[in-house]
Amino acid sequence: MNERGVGVRGRWRRGVGRAAVLAACAGTLWLAGCGEDADERTLTDASIKLASLSAGAGAPIPDQAAQSGFQAVIGSLQGLTGGDGAVAADASVLVSSAQRGLGLRAAGKAVVLQREMLTMFPSIRAQLEAWSRHNSAAQAAAAYDPTPEFARIDRDVRARQDEADKARAERARIDKQISELIAGVTSRMAQSGTFREQAGALQLQIAKVSATEGLRLTEQIRELSRQADGLEREARELKAQADNHQVELHGAEVSIGKLESQIKLLAESRASVQTRQSASQARAAQARGDAQQAAGVIASLVDTATGSIPPMLADAVAATRGQFEGTPEELFGDAPAALTPFVEQAFTPAVEEAARQLQTAAQTARKANTLRRSSSQVAVGEAQQSLGEVHWNNAAGLDAYAQMLEELAGTTPPLPSGTEYAARAKAARAGATEAKRAAFEAYQSAKSAYEASGAKAEVATQIEEVSRKLNDISRVVGAGVMDAEALNSLQDPGAEEPADEPAPEEPADEPTADADPVEQLRSAIRTALEAQAAGDYEAVIGFMHPATDDDQDFVDASAGLLRGIGRLNSATEEAFGQSFSAWLAANPDPMLAGLAAMADAGADQDPDSMDLRVQGDEGVALTGIAEMPEIKFRRVGGEWKQVYSVEELKTLNPMAATGIAMLPKIAAAYESITPQVESGDLGSNAEVANAMKAEIMSLMQNPGGG
């Protein structure tokens, strides 16, 4: 299996089916039944075979069958192209048609591969964002400098220590004073005790002596008592002083304890800063490691991923391999999983194969120019026009690839392979420029061939298309890519310019050359989304455009539904102070979730982040979603519109047909409920919700009813 995944395989088959319709060229069917000659019969059989391969009805022809069919046509006619008669000319036209069929199928594969390449970008960009985010985190963490905090803490510690030293010295001084005072108290109390003892001894002698001697002893006792009293009084005073100093001593000790506690807290603060420093260093190291891991994933996604399994899914596939019905190759294809090898080994070879086949087709068709000038030139034009498409699509793919590489090369800090990415981006830009020049030249050749065919009426549409493409290319890429004067000489040098066919005029509402069509489209999308958010459904309806006339009914049905939503919202806003859509958003109901989605479609879209591509009056928004890879837009009357295609919706979702058929019925449900609000029969949005659920239930029970 050469395609990557079931979704891609389906898209490729649809693309190839459309390409097969284009494979029929002028001169393919008219050969049937032109005679019984063997050579003519061979031509007839080849013509019928080509018609069957190019038929637009029924299921797409499998790739291998179509490939074999075109090769069988070429092989059957190879022996007839070498002559110079009508048979050889007819055979050359038919072989050219078959070769173009092969080229278109290769081109279809290239388109699918280009889309597959674009689906690789989101994963790379996610890792690139991770690289920048982790490096920023590492830089921020590494920038944490604790030096000022350490200096402040150390300064505060020194100040507290100085204060504590002073407090300790004061405490020692006070303690010394107290000791000295206590010593004085002790000394005086001891001396007072001695005097008291002496007085007591004399008191005992009074009874043993004469009265005269007793009077003398009494006087001595009084003197000793006075001296003892004086000493005790001094001791009390010294004790009082010591007690006062004790209060001062306690205050000094309290100050010392407070300062020591502050010093301890400062030490803890320093430890906390050291912890933060270590944590910051660890975070920086972790972030740098995460950044390197992201760089490694980027390198894998861009360069080194092997096999077909996307690197981000490899582990999951390995763990659940037995649960898949198909092999990894069947699920993911066999193209390289990394971006650059994918471009070099899958996308570019497919483009080159398509270009080679289409160039060969043009060369083969030219062989019939002498006898079958008209059909020959038409076949040349078709081959060259298809070749122009191949080159232009290739240019778009290379530009996208270059842009991705430029993003990788321009990130700060630079990736390890940033210089290599820059060199590849430069080469890709050069390749895109060359592809644009090749596309311009191919479209020139196509226009010249169509006009030289002499069948301008039959190929008027093709001439108009390639002329528009030439103008688009000139407007998009400017004179720096190809000579702007070439637009004035698009005729085949050998063909005469018709005198009665004026040059096509530029439409009055065509954007100016210096306008940015991508930004014009982005602005139109933004305006439509803002109108949707504001409930301006008429503006939203004006943004809708059918892909074909057959899609007009679908657009009209969608418009009817939006108008129904708008009218009910207006009625409920006026009656209840809140629109039904706003109420439903605040009060989700599983049964009415689809209605809420209809009213709020696109609310989560950001126009500025959309990947928009514009070629001429056609534009797409690349979603990166396999189920809906792109949303189409078209410039109509100078204004961008979103293109609605029933066929594409059905292709993307087989259930879409049922949903589309129910649009008018859902619109009718809205229309039936609005008058009930206006008449007061429904008194709240909750009652409106119940009425709507009853309508929805009726539709579900009778989906095919009137």
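Since the model is a prediction, treat every value here as computed from it, not as a measurement. Quick note: numbers below take in every heavy atom, side chains included, and nothing from hydrogens, waters or symmetry partners. Position 1 is the first residue of the sequence; numbering continues from there.
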Inset, instruction - Determine, step by step, whether Leu118 and Arg613 satisfy the side chain to side chain contact (heavy atoms under 4.5 Å, CB included) criterion, reporting the C-alpha distance in whole Å, the side-chain angles of both residues, the deciding distance to 0.1 Å, and the verdict. - result: CA-CA 12 Å; Leu118 297 178; Arg613 308 296 172 88; 4.0 Å; yes
Inset, instruction - Tell me, yes or no, whether the heavy-atom count around Gln274 atom CD, taken from other residues, nucleotides or ligands under 6.0 Å, exceeds 12. - result: yes
Inset, instruction - To the nearest 0.5 Å, tell me how far Thr186 OG1 sits from Lys239 NZ. - result: 10.5 Å
Exercise answer: donor-acceptor pairs, residues 395-407 side-chain atoms, under 3.5 Å, sequence neighbours excluded:
{"residue": "Asp399", "atom": "OD1", "partner": "Arg429", "partner atom": "NH1", "Å": "2.9"}
{"residue": "Asp399", "atom": "OD2", "partner": "Lys436", "partner atom": "NZ", "Å": "2.8"}
{"residue": "Tyr401", "atom": "OH", "partner": "Thr340", "partner atom": "OG1", "Å": "2.9"}
{"residue": "Glu406", "atom": "OE1", "partner": "Arg429", "partner atom": "NH2", "Å": "2.9"}
{"residue": "Glu406", "atom": "OE2", "partner": "Arg429", "partner atom": "NE", "Å": "2.9"}
{"residue": "Glu407", "atom": "OE1", "partner": "Arg125", "partner atom": "NE", "Å": "2.9"}
{"residue": "Glu407", "atom": "OE2", "partner": "Arg125", "partner atom": "NE", "Å": "3.3"}
{"residue": "Glu407", "atom": "OE2", "partner": "Arg125", "partner atom": "NH2", "Å": "2.9"}

Inset, instruction - For residues Leu238 and Gly184, report the shortest heavy-atom separation together with the two atoms involved. - result: CD1-C, 3.6 Å
Legend entry - Donor-acceptor contact present, side-chain Arg171 to main-chain Glu253, <3.5 Å: no
Inset, instruction - For residues Ala346 and Leu113, report the shortest heavy-atom separation together with the two atoms involved. - result: O-CD1, 3.5 Å
Legend entry - Nearest atoms (heavy-atom pairs only) where Ala299 meets Tyr421: CA-OH, 3.9 Å
Inset, instruction - Could you tell me whether Glu180 atom CD has more than 12 heavy atoms of other residues or ligands within 6.0 Å of it? - result: yes
Side chains of residues 157-167: which donor-acceptor pairs under 3.5 Å do they make with residues two or more places apart or in other chains?
{"residue": "Arg160", "atom": "NE", "partner": "Gln262", "partner atom": "OE1", "Å": "2.7"}
{"residue": "Asp165", "atom": "OD1", "partner": "Arg168", "partner atom": "NH1", "Å": "2.9"}

Legend entry - Euclidean distance, Gln198 CD relative to Ser225 OG, rounded to 0.5 Å: 10.5 Å
Legend entry - Heavy-atom pair with the smallest gap, counting every atom of Ala291 and Asn135: CB-ND2, 3.5 Å
Inset, instruction - May I ask you to say whether Asp229 pairs ionically with Arg233, meaning some side-chain N is under 4.0 Å from a carboxylate O? - result: no
Inset, instruction - Return yes when atom CD of Glu519 has more than 12 non-hydrogen atoms of other residues, nucleotides or ligands closer than 6.0 Å, and no otherwise. - result: yes
Legend entry - Listed partners of Ala575 passing side chain to side chain contact (heavy atoms under 4.5 Å, CB included), at least two apart: Val677
Inset, instruction - Determine, for Glu530 against Arg526, whether the closest basic-nitrogen to carboxylate-oxygen distance falls under 4.0 angstrom. - result: no
Inset, instruction - Drop me the distance from Leu408's CG to Leu339's CG, to the nearest 0.5 angstrom. - result: 8.5 Å
Legend entry - Considering all heavy atoms, the nearest Gly619-Trp640 contact: N-CZ3, 3.8 Å
Inset, instruction - List the steps and the verdict of side chain to side chain contact (heavy atoms under 4.5 Å, CB included) for Arg276 and Ser272. - result: CA-CA 6 Å; Arg276 288 199 298 274; Ser272 297; 4.1 Å; yes
Inset, instruction - Drop me the distance from Asn244's CG to Ile174's CD1, to the nearest 0.5 angstrom. - result: 11.5 Å
Legend entry - Worked check of side chain to side chain contact (heavy atoms under 4.5 Å, CB included) between Ile178 and Gln246: CA-CA 7 Å; Ile178 292 173; Gln246 196 71 38; 3.5 Å; yes
Inset, instruction - Determine whether the side chains of Arg283 and Ser280 contain a donor N or O and an acceptor N or O closer than 3.5 Å. - result: yes
Inset, instruction - Ignoring hydrogens and angles, tell me if any N or O in the side chain of Ser579 forms a donor-acceptor pair with the backbone of Asn569 under 3.5 Å. - result: no
Inset, instruction - Output yes when a side-chain donor or acceptor of Asn685 lies under 3.5 Å from a complementary backbone atom of Phe576, and no otherwise. - result: no
Inset, instruction - To the nearest 0.5 Å, tell me how far Arg173 CZ sits from Leu249 CG. - result: 10.5 Å
Inset, instruction - To the nearest 0.5 angstrom, please state how far the CZ atom of Arg152 sits from the CD atom of Glu149. - result: 6.5 Å
Inset, instruction - Show your reasoning for whether side chain to side chain contact (heavy atoms under 4.5 Å, CB included) applies to Val273 and Tyr144. - result: CA-CA 10 Å; Val273 173; Tyr144 173 64; 3.7 Å; yes
Legend entry - Test: Glu232 and Arg196 ion pair at under 4.0 Å: yes
